[in-house]
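Each chain gets a letter, A, B and so on, in the order the sequences are listed, and its residues count up from 1.
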There are 2 protein chains.
Amino acid sequence: MGRNAYFENRQFIDAALEIIGRGGPGAVTVASIAGHIDAPVGSVYHRFSSREMILAELWLGIAESFQEGFLEILAAGEAVQASLYTLHWVREHPIEARVLLLYRREELVAREWPAGVRGRAAALERNLAEGLKSFVRRAFGRYSSGGMDRALFALIQVPLAAVRGCLEKGVAPPESADRLIRETCEHIMRRKP
Amino acid sequence: MGRNAYFENRQFIDAALEIIGRGGPGAVTVASIAGHIDAPVGSVYHRFSSREMILAELWLGIAESFQEGFLEILAAGEAVQASLYTLHWVREHPIEARVLLLYRREELVAREWPAGVRGRAAALERNLAEGLKSFVRRAFGRYSSGGMDRALFALIQVPLAAVRGCLEKGVAPPESADRLIRETCEHIMRRKP
DNA sequence: GATATATTAGAATATATATTCTAATATATC
DNA sequence: GATATATTAGAATATATATTCTAATATATC
(Lines give C-alpha, C1' and ligand atoms only; values in the text may rest on other atoms or scores of the structure.)
Protein backbone atom coordinates (compact mmCIF):
# COMPACT_ATOMS: atom_id res chain seq x y z
CA MET A 1 0.00 0.00 0.00
CA GLY A 2 1.00 3.62 -0.17
CA ARG A 3 1.60 6.04 -2.97
CA ASN A 4 2.46 4.59 -6.37
CA ALA A 5 5.98 5.12 -7.63
CA TYR A 6 6.45 7.75 -10.29
CA PHE A 7 9.88 6.53 -11.38
CA GLU A 8 11.54 3.17 -11.85
CA ASN A 9 15.02 2.12 -10.76
CA ARG A 10 15.88 1.50 -14.38
CA GLN A 11 15.27 5.16 -15.28
CA PHE A 12 17.95 6.32 -12.89
CA ILE A 13 20.42 3.78 -14.21
CA ASP A 14 19.62 4.74 -17.78
CA ALA A 15 20.06 8.39 -16.91
CA ALA A 16 23.52 7.60 -15.53
CA LEU A 17 24.32 5.73 -18.74
CA GLU A 18 23.37 8.68 -20.91
CA ILE A 19 25.26 11.15 -18.78
CA ILE A 20 28.47 9.12 -18.72
CA GLY A 21 28.15 8.32 -22.40
CA ARG A 22 28.02 12.01 -23.26
CA GLY A 23 29.96 13.77 -20.54
CA GLY A 24 32.20 11.11 -19.05
CA PRO A 25 32.46 10.04 -15.41
CA GLY A 26 32.93 13.59 -14.19
CA ALA A 27 29.43 14.48 -15.27
CA VAL A 28 27.54 11.91 -13.19
CA THR A 29 26.41 13.52 -9.98
CA VAL A 30 23.39 12.54 -7.97
CA ALA A 31 21.84 15.84 -9.00
CA SER A 32 22.56 15.34 -12.70
CA ILE A 33 21.11 11.84 -12.64
CA ALA A 34 17.93 13.01 -10.93
CA GLY A 35 17.73 16.13 -13.08
CA HIS A 36 18.01 14.09 -16.27
CA ILE A 37 14.60 12.56 -15.61
CA ASP A 38 13.17 15.46 -13.59
CA ALA A 39 13.24 13.50 -10.38
CA PRO A 40 14.07 14.84 -6.93
CA VAL A 41 17.32 13.67 -5.39
CA GLY A 42 15.33 12.21 -2.54
CA SER A 43 13.97 9.65 -4.98
CA VAL A 44 17.47 8.59 -5.85
CA TYR A 45 18.23 7.73 -2.25
CA HIS A 46 14.87 6.11 -1.82
CA ARG A 47 16.01 3.52 -4.38
CA PHE A 48 19.79 3.34 -4.17
CA SER A 49 21.92 3.29 -1.08
CA SER A 50 24.50 5.59 -2.65
CA ARG A 51 25.67 7.22 -5.85
CA GLU A 52 28.21 4.45 -6.23
CA MET A 53 25.49 1.83 -6.08
CA ILE A 54 23.79 3.27 -9.15
CA LEU A 55 27.05 3.20 -11.04
CA ALA A 56 27.84 -0.30 -9.82
CA GLU A 57 24.50 -1.58 -11.09
CA LEU A 58 24.97 0.22 -14.39
CA TRP A 59 28.47 -1.14 -14.88
CA LEU A 60 27.63 -4.68 -13.82
CA GLY A 61 24.55 -4.81 -16.03
CA ILE A 62 26.56 -3.79 -19.07
CA ALA A 63 29.45 -6.08 -18.22
CA GLU A 64 27.18 -9.06 -17.70
CA SER A 65 25.43 -8.53 -20.98
CA PHE A 66 28.72 -8.03 -22.84
CA GLN A 67 30.27 -11.06 -21.25
CA GLU A 68 27.31 -13.35 -21.81
CA GLY A 69 27.63 -12.86 -25.55
CA PHE A 70 31.38 -13.23 -25.44
CA LEU A 71 31.33 -16.47 -23.49
CA GLU A 72 28.73 -17.92 -25.83
CA ILE A 73 30.97 -17.36 -28.83
CA LEU A 74 33.99 -18.47 -26.88
CA ALA A 75 32.25 -21.73 -26.01
CA ALA A 76 31.64 -22.32 -29.71
CA GLY A 77 35.41 -22.42 -29.97
CA GLU A 78 35.96 -20.06 -32.91
CA ALA A 79 38.88 -17.84 -31.89
CA VAL A 80 38.47 -15.33 -34.71
CA GLN A 81 34.75 -14.95 -34.07
CA ALA A 82 35.46 -14.34 -30.40
CA SER A 83 38.12 -11.77 -31.23
CA LEU A 84 35.65 -9.90 -33.44
CA TYR A 85 32.92 -9.95 -30.79
CA THR A 86 34.11 -6.79 -29.02
CA LEU A 87 34.18 -4.86 -32.28
CA HIS A 88 30.66 -5.90 -33.23
CA TRP A 89 29.36 -5.27 -29.76
CA VAL A 90 30.84 -1.76 -29.79
CA ARG A 91 29.06 -1.03 -33.06
CA GLU A 92 25.75 -2.21 -31.62
CA HIS A 93 26.10 -0.57 -28.22
CA PRO A 94 28.13 2.61 -28.66
CA ILE A 95 27.11 4.28 -25.41
CA GLU A 96 27.42 1.18 -23.25
CA ALA A 97 30.78 0.55 -24.89
CA ARG A 98 32.14 3.82 -23.63
CA VAL A 99 31.06 3.06 -20.08
CA LEU A 100 32.50 -0.43 -20.14
CA LEU A 101 35.60 -0.10 -22.30
CA LEU A 102 36.75 3.51 -22.40
CA TYR A 103 36.89 4.44 -18.73
CA ARG A 104 38.63 2.42 -16.08
CA ARG A 105 36.08 0.76 -13.90
CA GLU A 106 37.59 2.50 -10.88
CA GLU A 107 36.57 5.85 -12.33
CA LEU A 108 32.97 4.82 -11.80
CA VAL A 109 33.04 2.34 -8.93
CA ALA A 110 35.81 2.23 -6.35
CA ARG A 111 38.13 -0.75 -6.38
CA GLU A 112 36.18 -2.34 -3.52
CA TRP A 113 32.72 -3.15 -4.79
CA PRO A 114 29.95 -1.86 -2.54
CA ALA A 115 28.34 -4.51 -0.37
CA GLY A 116 25.34 -5.97 -2.13
CA VAL A 117 26.91 -6.47 -5.55
CA ARG A 118 30.13 -8.22 -4.57
CA GLY A 119 28.64 -11.56 -5.56
CA ARG A 120 27.77 -10.31 -9.02
CA ALA A 121 31.23 -8.84 -9.50
CA ALA A 122 32.92 -12.02 -8.35
CA ALA A 123 30.74 -14.18 -10.60
CA LEU A 124 31.66 -12.02 -13.56
CA GLU A 125 35.34 -12.56 -12.94
CA ARG A 126 34.94 -16.26 -12.26
CA ASN A 127 32.89 -16.90 -15.37
CA LEU A 128 35.39 -15.16 -17.60
CA ALA A 129 38.29 -17.06 -16.08
CA GLU A 130 36.50 -20.39 -16.52
CA GLY A 131 35.40 -19.67 -20.06
CA LEU A 132 38.89 -18.65 -21.07
CA LYS A 133 40.48 -21.61 -19.36
CA SER A 134 38.40 -24.18 -21.17
CA PHE A 135 38.84 -22.29 -24.43
CA VAL A 136 42.61 -22.44 -23.99
CA ARG A 137 42.44 -26.17 -23.29
CA ARG A 138 40.51 -26.77 -26.49
CA ALA A 139 42.48 -24.36 -28.65
CA PHE A 140 45.95 -25.55 -27.70
CA GLY A 141 45.27 -29.14 -26.65
CA ARG A 142 46.16 -28.48 -23.03
CA TYR A 143 46.14 -25.62 -20.55
CA SER A 144 49.28 -23.53 -20.10
CA SER A 145 49.89 -20.02 -18.86
CA GLY A 146 51.54 -19.24 -22.18
CA GLY A 147 48.36 -20.31 -23.94
CA MET A 148 46.32 -18.14 -21.63
CA ASP A 149 48.59 -15.15 -22.36
CA ARG A 150 48.10 -15.73 -26.05
CA ALA A 151 44.31 -16.06 -25.76
CA LEU A 152 44.01 -12.97 -23.55
CA PHE A 153 46.09 -11.02 -26.02
CA ALA A 154 44.32 -12.15 -29.19
CA LEU A 155 40.73 -12.27 -27.92
CA ILE A 156 40.58 -9.41 -25.46
CA GLN A 157 43.51 -7.01 -25.41
CA VAL A 158 44.00 -6.58 -29.14
CA PRO A 159 40.30 -6.11 -29.94
CA LEU A 160 40.11 -3.56 -27.16
CA ALA A 161 43.14 -1.75 -28.52
CA ALA A 162 41.65 -1.64 -32.00
CA VAL A 163 38.53 -0.03 -30.66
CA ARG A 164 39.76 2.41 -28.08
CA GLY A 165 40.54 5.29 -30.41
CA CYS A 166 37.03 5.20 -31.83
CA LEU A 167 35.49 5.09 -28.38
CA GLU A 168 37.41 8.22 -27.49
CA LYS A 169 36.35 10.03 -30.61
CA GLY A 170 32.81 8.75 -30.22
CA VAL A 171 32.67 7.30 -33.72
CA ALA A 172 31.91 3.79 -34.94
CA PRO A 173 34.94 1.59 -35.62
CA PRO A 174 35.84 1.54 -39.34
CA GLU A 175 35.69 -1.53 -41.57
CA SER A 176 39.48 -1.73 -41.50
CA ALA A 177 39.35 -2.68 -37.83
CA ASP A 178 37.77 -6.03 -38.67
CA ARG A 179 40.70 -6.95 -40.83
CA LEU A 180 43.37 -5.93 -38.32
CA ILE A 181 41.76 -7.89 -35.54
CA ARG A 182 41.13 -10.96 -37.68
CA GLU A 183 44.66 -11.03 -39.07
CA THR A 184 46.20 -10.62 -35.65
CA CYS A 185 44.03 -13.26 -34.05
CA GLU A 186 44.65 -15.83 -36.76
CA HIS A 187 48.36 -15.25 -36.59
CA ILE A 188 48.66 -15.29 -32.82
CA MET A 189 46.44 -18.32 -32.29
CA ARG A 190 48.05 -20.33 -35.09
CA ARG A 191 51.30 -20.72 -33.20
CA LYS A 192 51.31 -23.11 -30.23
CA PRO A 193 52.57 -21.46 -27.05
CA MET B 1 66.90 39.09 -3.23
CA GLY B 2 64.67 37.72 -0.52
CA ARG B 3 64.50 34.49 1.35
CA ASN B 4 65.99 31.46 -0.36
CA ALA B 5 63.59 28.79 -1.55
CA TYR B 6 63.39 25.68 0.54
CA PHE B 7 61.71 23.57 -2.15
CA GLU B 8 62.03 23.25 -5.90
CA ASN B 9 59.23 23.01 -8.46
CA ARG B 10 60.51 19.59 -9.41
CA GLN B 11 59.90 18.24 -5.91
CA PHE B 12 56.21 18.99 -6.12
CA ILE B 13 55.95 17.37 -9.54
CA ASP B 14 57.85 14.34 -8.33
CA ALA B 15 55.58 14.12 -5.31
CA ALA B 16 52.57 14.08 -7.62
CA LEU B 17 54.22 11.33 -9.66
CA GLU B 18 54.76 9.16 -6.61
CA ILE B 19 51.26 9.71 -5.32
CA ILE B 20 49.57 8.88 -8.61
CA GLY B 21 51.87 5.93 -9.17
CA ARG B 22 50.84 4.42 -5.86
CA GLY B 23 47.32 5.64 -5.22
CA GLY B 24 45.99 6.63 -8.61
CA PRO B 25 44.51 9.95 -9.69
CA GLY B 26 42.08 10.05 -6.77
CA ALA B 27 44.97 10.34 -4.34
CA VAL B 28 46.54 13.53 -5.71
CA THR B 29 45.25 16.47 -3.76
CA VAL B 30 47.08 19.72 -3.20
CA ALA B 31 47.40 18.73 0.43
CA SER B 32 48.76 15.26 -0.35
CA ILE B 33 51.33 16.69 -2.76
CA ALA B 34 52.51 19.24 -0.24
CA GLY B 35 52.37 16.72 2.61
CA HIS B 36 54.49 14.24 0.68
CA ILE B 37 57.49 16.57 0.93
CA ASP B 38 56.45 18.30 4.17
CA ALA B 39 55.74 21.55 2.40
CA PRO B 40 52.91 23.97 3.22
CA VAL B 41 50.12 24.24 0.64
CA GLY B 42 50.97 27.90 0.29
CA SER B 43 54.25 26.87 -1.31
CA VAL B 44 52.34 24.90 -3.90
CA TYR B 45 50.42 27.96 -5.02
CA HIS B 46 53.53 30.07 -4.85
CA ARG B 47 54.90 27.92 -7.69
CA PHE B 48 51.93 26.59 -9.60
CA SER B 49 48.84 28.45 -10.66
CA SER B 50 46.60 25.49 -9.86
CA ARG B 51 46.52 21.84 -8.97
CA GLU B 52 45.84 21.07 -12.61
CA MET B 53 49.00 22.89 -13.66
CA ILE B 54 51.16 20.56 -11.58
CA LEU B 55 49.53 17.56 -13.18
CA ALA B 56 49.80 19.09 -16.64
CA GLU B 57 53.51 19.62 -16.19
CA LEU B 58 53.95 16.12 -14.82
CA TRP B 59 52.02 14.53 -17.68
CA LEU B 60 53.65 16.60 -20.41
CA GLY B 61 57.14 15.95 -19.08
CA ILE B 62 56.57 12.21 -19.11
CA ALA B 63 54.87 12.27 -22.50
CA GLU B 64 57.64 14.32 -24.05
CA SER B 65 60.33 12.02 -22.76
CA PHE B 66 58.42 8.92 -23.85
CA GLN B 67 57.71 10.35 -27.27
CA GLU B 68 61.24 11.58 -27.90
CA GLY B 69 62.55 8.05 -27.62
CA PHE B 70 59.73 6.66 -29.70
CA LEU B 71 60.20 9.12 -32.54
CA GLU B 72 63.92 8.46 -32.59
CA ILE B 73 63.37 4.75 -33.15
CA LEU B 74 60.55 5.47 -35.55
CA ALA B 75 62.84 7.67 -37.62
CA ALA B 76 65.30 4.80 -37.84
CA GLY B 77 62.52 3.01 -39.67
CA GLU B 78 62.49 -0.32 -37.85
CA ALA B 79 58.82 -1.13 -37.26
CA VAL B 80 59.44 -4.00 -34.86
CA GLN B 81 61.87 -1.97 -32.77
CA ALA B 82 59.34 0.84 -32.58
CA SER B 83 56.58 -1.56 -31.57
CA LEU B 84 58.78 -2.89 -28.74
CA TYR B 85 59.67 0.59 -27.52
CA THR B 86 56.59 0.95 -25.29
CA LEU B 87 57.28 -2.38 -23.62
CA HIS B 88 60.89 -1.54 -22.88
CA TRP B 89 60.01 1.94 -21.71
CA VAL B 90 57.43 0.52 -19.30
CA ARG B 91 60.05 -1.79 -17.83
CA GLU B 92 62.44 1.11 -17.32
CA HIS B 93 59.89 3.63 -16.03
CA PRO B 94 57.19 1.68 -14.19
CA ILE B 95 55.77 4.61 -12.24
CA GLU B 96 55.81 7.08 -15.11
CA ALA B 97 54.23 4.38 -17.27
CA ARG B 98 51.22 4.20 -15.00
CA VAL B 99 50.71 7.94 -15.17
CA LEU B 100 51.05 8.06 -18.94
CA LEU B 101 49.52 4.79 -20.09
CA LEU B 102 47.18 3.43 -17.45
CA TYR B 103 44.95 6.40 -16.71
CA ARG B 104 43.19 8.48 -19.30
CA ARG B 105 44.85 11.83 -19.57
CA GLU B 106 41.53 13.49 -18.74
CA GLU B 107 41.62 11.88 -15.31
CA LEU B 108 44.59 14.08 -14.54
CA VAL B 109 44.22 17.14 -16.74
CA ALA B 110 40.90 18.30 -18.15
CA ARG B 111 40.34 17.97 -21.88
CA GLU B 112 41.18 21.64 -22.36
CA TRP B 113 44.81 22.12 -21.44
CA PRO B 114 45.39 24.98 -18.99
CA ALA B 115 46.74 28.14 -20.58
CA GLY B 116 50.51 28.16 -20.46
CA VAL B 117 51.08 24.60 -21.64
CA ARG B 118 48.83 24.53 -24.71
CA GLY B 119 51.84 24.99 -26.95
CA ARG B 120 53.63 22.01 -25.44
CA ALA B 121 50.54 19.84 -25.76
CA ALA B 122 50.01 20.86 -29.37
CA ALA B 123 53.66 20.24 -30.25
CA LEU B 124 53.45 16.77 -28.78
CA GLU B 125 50.49 15.92 -30.98
CA ARG B 126 52.03 17.50 -34.06
CA ASN B 127 55.37 15.74 -33.66
CA LEU B 128 53.73 12.34 -33.31
CA ALA B 129 51.55 12.90 -36.35
CA GLU B 130 54.52 13.99 -38.43
CA GLY B 131 56.76 11.16 -37.28
CA LEU B 132 54.09 8.59 -38.03
CA LYS B 133 53.28 10.09 -41.39
CA SER B 134 56.81 9.92 -42.68
CA PHE B 135 57.22 6.45 -41.20
CA VAL B 136 54.13 5.31 -43.11
CA ARG B 137 55.49 6.81 -46.32
CA ARG B 138 58.73 4.92 -45.95
CA ALA B 139 57.23 1.68 -44.73
CA PHE B 140 54.57 1.33 -47.42
CA GLY B 141 56.11 3.31 -50.26
CA ARG B 142 53.44 6.01 -50.11
CA TYR B 143 51.09 7.58 -47.58
CA SER B 144 47.56 6.22 -47.20
CA SER B 145 45.05 6.29 -44.38
CA GLY B 146 45.00 2.50 -44.48
CA GLY B 147 48.73 2.51 -43.93
CA MET B 148 48.34 4.91 -41.04
CA ASP B 149 45.68 2.67 -39.47
CA ARG B 150 48.06 -0.26 -39.76
CA ALA B 151 50.97 1.65 -38.26
CA LEU B 152 48.89 3.04 -35.40
CA PHE B 153 47.62 -0.42 -34.65
CA ALA B 154 50.96 -2.24 -34.81
CA LEU B 155 53.21 0.38 -33.23
CA ILE B 156 50.98 2.00 -30.64
CA GLN B 157 47.69 0.32 -29.89
CA VAL B 158 48.86 -3.28 -29.73
CA PRO B 159 51.92 -2.55 -27.59
CA LEU B 160 49.71 -0.57 -25.26
CA ALA B 161 47.23 -3.42 -25.08
CA ALA B 162 49.98 -5.91 -24.30
CA VAL B 163 51.13 -3.81 -21.40
CA ARG B 164 47.95 -2.55 -19.82
CA GLY B 165 47.22 -5.58 -17.67
CA CYS B 166 50.67 -5.37 -16.09
CA LEU B 167 50.30 -1.65 -15.45
CA GLU B 168 47.07 -2.35 -13.60
CA LYS B 169 48.62 -5.07 -11.50
CA GLY B 170 51.72 -2.96 -10.97
CA VAL B 171 54.07 -5.69 -12.18
CA ALA B 172 56.70 -5.67 -14.92
CA PRO B 173 55.56 -7.06 -18.28
CA PRO B 174 56.65 -10.71 -18.72
CA GLU B 175 59.08 -11.93 -21.36
CA SER B 176 56.19 -13.40 -23.34
CA ALA B 177 54.96 -9.89 -24.12
CA ASP B 178 57.98 -9.23 -26.33
CA ARG B 179 57.10 -12.15 -28.53
CA LEU B 180 53.41 -11.30 -28.88
CA ILE B 181 54.17 -7.73 -29.86
CA ARG B 182 56.93 -8.68 -32.25
CA GLU B 183 54.87 -11.36 -33.98
CA THR B 184 51.90 -9.07 -34.35
CA CYS B 185 53.93 -6.17 -35.66
CA GLU B 186 55.80 -8.27 -38.20
CA HIS B 187 52.58 -9.80 -39.44
CA ILE B 188 50.59 -6.57 -39.63
CA MET B 189 53.33 -4.51 -41.27
CA ARG B 190 54.25 -7.20 -43.79
CA ARG B 191 50.98 -6.82 -45.67
CA LYS B 192 50.59 -3.66 -47.78
CA PRO B 193 47.43 -1.73 -46.95
C1' DG C 1 73.17 46.26 10.72
C1' DA C 2 68.89 47.93 8.20
C1' DT C 3 65.68 46.90 4.60
C1' DA C 4 63.18 44.87 0.95
C1' DT C 5 61.20 40.89 -0.61
C1' DA C 6 60.92 35.91 -1.91
C1' DT C 7 59.31 32.29 0.36
C1' DT C 8 57.47 29.58 4.03
C1' DA C 9 53.55 28.61 7.11
C1' DG C 10 49.16 27.44 7.79
C1' DA C 11 44.56 29.27 8.94
C1' DA C 12 40.41 30.94 6.65
C1' DT C 13 37.31 30.72 2.84
C1' DA C 14 34.81 29.09 -1.15
C1' DT C 15 32.72 25.60 -3.66
C1' DA C 16 30.97 21.42 -5.27
C1' DT C 17 28.56 17.54 -4.29
C1' DA C 18 26.94 13.46 -1.53
C1' DT C 19 23.81 12.47 1.97
C1' DT C 20 20.25 13.28 5.40
C1' DC C 21 16.06 14.96 6.97
C1' DT C 22 11.35 16.82 7.28
C1' DA C 23 7.13 17.66 5.15
C1' DA C 24 3.78 16.93 1.53
C1' DT C 25 1.28 13.84 -1.50
C1' DA C 26 -1.17 10.09 -3.50
C1' DT C 27 -3.14 5.71 -3.32
C1' DA C 28 -3.93 0.82 -1.61
C1' DT C 29 -6.45 -1.22 1.91
C1' DC C 30 -9.73 -1.27 5.33
C1' DG D 1 -14.45 7.94 3.46
C1' DA D 2 -10.58 7.17 6.92
C1' DT D 3 -5.95 5.64 7.50
C1' DA D 4 -1.45 3.93 6.88
C1' DT D 5 2.45 4.28 4.23
C1' DA D 6 5.31 4.34 -0.08
C1' DT D 7 6.99 7.81 -2.53
C1' DT D 8 7.82 12.39 -4.04
C1' DA D 9 9.81 16.96 -3.10
C1' DG D 10 13.40 19.67 -2.08
C1' DA D 11 15.69 22.18 1.67
C1' DA D 12 19.32 21.51 5.09
C1' DT D 13 23.62 19.49 6.34
C1' DA D 14 28.12 17.37 6.05
C1' DT D 15 32.37 16.79 3.94
C1' DA D 16 36.20 17.03 1.06
C1' DT D 17 39.25 19.73 -1.21
C1' DA D 18 40.91 23.75 -4.06
C1' DT D 19 42.12 28.34 -3.45
C1' DT D 20 42.97 32.65 -1.05
C1' DC D 21 44.83 35.39 2.41
C1' DT D 22 47.58 37.18 6.26
C1' DA D 23 51.52 36.83 9.00
C1' DA D 24 56.11 35.14 9.92
C1' DT D 25 60.76 34.19 8.38
C1' DA D 26 65.17 34.21 6.25
C1' DT D 27 68.48 36.15 3.33
C1' DA D 28 70.40 39.08 -0.58
C1' DT D 29 71.59 43.67 -1.17
C1' DC D 30 72.57 48.04 0.38
What is the separation between atom [atom1] on [X] and atom [atom2] on [N], rounded to the nearest whole Å?
| X | N | atom1 | atom2 | answer |
| --- | --- | --- | --- | --- |
| B/Arg51 | D/dA16 | CZ | C1' | 12 Å |
| A/Gln11 | D/dT7 | CD | P | 14 Å |
| A/Asn4 | D/dT7 | CG | C1' | 9 Å |
| B/Ile33 | D/dT17 | CD1 | C1' | 12 Å |
| B/Phe48 | D/dA18 | CZ | P | 15 Å |
| B/Phe7 | C/dT7 | CZ | P | 13 Å |
| B/Tyr45 | C/dA11 | OH | C1' | 15 Å |
| B/His46 | D/dT22 | NE2 | C1' | 15 Å |

Q: Could you tell me whether the side chain of A/Arg3 has a donor or acceptor atom within less than 3.5 Å of a complementary atom in the base of C/dT25?
A: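 Present.
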Q. Paired with D/dA11 by Watson-Crick or G-U wobble geometry, both distances under 3.5 Å: which nucleotide is it?
A.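 Paired with C/dT20.
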Q. Does D/dA6 have a Watson-Crick or wobble mate here (both distances under 3.5 Å), and if so which one?
A.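 The answer is C/dT25, by the H-bond criterion.
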Q. Do other residues, nucleotides or ligands put more than 12 heavy atoms under 6.0 Å from the CZ atom of A/Arg120?
A.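 Yes.
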(Q) Of the options C/dT7, D/dA9, D/dT7, whose atoms approach the side-chain atoms of B/Ala5 most closely? (A)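 So the nucleotide nearest the side chain must be C/dT7.
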Q. Does B/Arg47 or B/Gly2 map to a spot on DNA chain C nearer the 5' end, using the closest nucleotide for each?
A.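 By nearest-heavy-atom nucleotide position, the 5'-most residue is B/Gly2.
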Q: Please state whether the phosphate of D/dT7, meaning OP1 or OP2, lies under 4.0 angstrom from any side-chain nitrogen or oxygen of A/Tyr6.
A: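 It does not, given that no N or O in the side chain of A/Tyr6 lies less than 4.0 Å from OP1 or OP2 of D/dT7.
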Q.
For a quick test of reading the model: is some side-chain N or O of B/Thr29 closer than 4.0 Å to OP1 or OP2 of D/dT17?
A.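 Checking D/dT17 against B/Thr29, no side-chain N or O comes under 4.0 Å of OP1 or OP2.
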